Amino acid sequence: MTERRDGVAPSAPPPHLRLQSGEADGRDLLVGVDVGGSKVAVLVVDPSLRVRGRHTIPTAVGAPDEAADHIAAAITAALGAAGGRIDRVMAIGVGVPGRIDPLSGIVSLAVNLGWHWLPLRDQLEAILGRPCAIENDVRGAAAGILDRRLLGDVSDFVYLSIGTGISAGVVLDGRLHRGTRGLAGEIGHIVVDSSGPGCPCGLTGCLETIASGPAIARAAAEAIAAGRATSMAKNDFLTSVDVYEAAAGGDALAGEIVLLTAPD
């Protein structure tokens, strides 16, 4: 999207995102892709947004040369689950964590994926032959919340996403806010503990090194390795879900970790 000097994207999408229903020419499917730090999740829907198929695969982190082929393969598998083909797809939307230029379709910086200046939109369109739109994943989610009025008649809000990383999608006066450098809402890379763990972005003690899903699981694993008593010791592979479930069940160590890693 084009952007005003204040970093607020206008509500009207750019021309390549203005889609008309393609049902008349047999194009009756839309594809949404969420590229995360651990998985790529694909959803296939019809124009009424009814789910027709889905597919999930691990993310090829640190392999930018393989990224487009990897995502295209996931899309093809999801279409197979939907009983559809690529020639039935009207358009594809891809959400990627990091700094994205939605006009050029370039992922200029995705720290957790190891992607830099990746022309993802052009690569996907060359492989699949269908129009693609690339957007920051959390901003895309915020835009979807706004578009579908999931919060009712609310035009100013912040959508906080905590997963492999931590980020926020900001909507001001009914418009998506990106910031002058396209980094509005990238709160995961705010340093909250200068003596904390190193972050892939190059800083030390970023919020997501302490309060993201992997950081919570790592804190639990380190405590167990240090000999702390906990019901979580029986887990061969800990996740943040395990930590929160143990905390809800009264596990003292899990409760301590949840309190220590909760953003203030």
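What you see is a predicted model; the values in this text were computed from it and never measured. Position 1 is the first residue of the sequence, and the numbers go up from there.
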Original post:
Of the options Asn136, Leu113, Asp137, which is the one that meets Val96 in a side chain to side chain contact (heavy atoms under 4.5 Å, CB included)?
Top reply: Leu113

Subject >> Smallest separation among heavy atoms of Pro131 and Met90, with atom names >> reply: CG-O, 3.2 Å

**OP:** Answer yes if Val40 and Leu128 sit in the same cluster of Ile, Leu, Val, Met, Phe, Trp and Tyr residues linked by side chain heavy atoms under 4.5 Å apart, and no otherwise.
**Re:** yes

**OP:** Output every pair passing side chain to side chain donor-acceptor pair (under 3.5 Å) with a member in residues 206-220, not counting sequence neighbours, ordered by first then second residue.
**Re:** Asn112-Glu208

Original post:
Where the side chain of Arg139 meets the backbone of Gly185, is there a donor-acceptor pair that is under 3.5 Å apart?
Top reply: no

Original post:
Going by heavy atoms in the side chains, are Ile86 and Thr76 under 4.5 Å from each other?
Top reply: no

Original post:
Under 3.5 Å, is there a donor-acceptor pair between the side chain of Ser240 and the main chain of Ile216?
Top reply: no

Original post:
Is there a donor-acceptor contact under 3.5 Å from the side chain of His55 to the main chain of Val44?
Top reply: no

Original post:
Hey, are the side chains of Thr164 and Thr59 touching, using non-hydrogen atoms and a 4.5 Å cut-off?
Top reply: no

**OP:** Go through Leu160 and Ile166 one step at a time and tell me if the side chain to side chain contact (heavy atoms under 4.5 Å, CB included) criterion holds.
**Re:** CA-CA 8 Å; Leu160 179 63; Ile166 297 177; 4.1 Å; yes

Original post:
Can you hop from Ile190 to Leu203 via hydrophobic side chains spaced under 4.5 Å?
Top reply: no

Original post:
Just by distance, do the side chain of Asp242 and the backbone of Thr239 share a donor-acceptor pair under 3.5 Å?
Top reply: yes

Original post:
Should Glu135 and Arg178 count as side-chain neighbours, where that means a heavy-atom distance under 4.5 Å?
Top reply: yes

**OP:** Find out whether Cys201 and Cys206 are in side-chain contact, i.e. whether some heavy atom of one side chain is under 4.5 Å from a heavy atom of the other.
**Re:** yes

Original post:
Sub-3.5 Å donor-acceptor pair from the side chain of Asp251 to the main-chain atoms of Thr230, do we have one?
Top reply: no

Subject >> Beyond-backbone contact of Val42 with Ile75, side-chain heavy atoms, under 4.5 angstrom >> reply: yes

Original post:
Can you hop from Ile210 to Val191 via hydrophobic side chains spaced under 4.5 Å?
Top reply: no

**OP:** For the pair Leu124 and Ile92, evaluate side chain to side chain contact (heavy atoms under 4.5 Å, CB included) and give the outcome as yes or no after the intermediate values.
**Re:** CA-CA 9 Å; Leu124 285 174; Ile92 300 163; 5.6 Å; no

Subject >> Check: Tyr159 and Leu150 side chains under 4.5 Å, non-hydrogen atoms >> reply: no

Original post:
So do Val258 and Val243 actually touch side chain to side chain, heavy atoms under 4.5 Å?
Top reply: yes

Original post:
What residue among Arg88, Arg50, Arg52 forms salt bridge (charged side-chain N to carboxylate O under 4.0 Å, His left out) with Asp28?
Top reply: Arg88

**OP:** Could you give me the CA-CA distance, side-chain angles and deciding distance for Asp173 and Arg175, then say whether salt bridge (charged side-chain N to carboxylate O under 4.0 Å, His left out) is met?
**Re:** CA-CA 6 Å; Asp173 195 23; Arg175 301 184 182 198; 5.5 Å; no

**OP:** Quick one: do His116 and Leu109 satisfy side chain to side chain contact (heavy atoms under 4.5 Å, CB included)? Show the steps, please.
**Re:** CA-CA 5 Å; His116 302 275; Leu109 178 63; 3.2 Å; yes

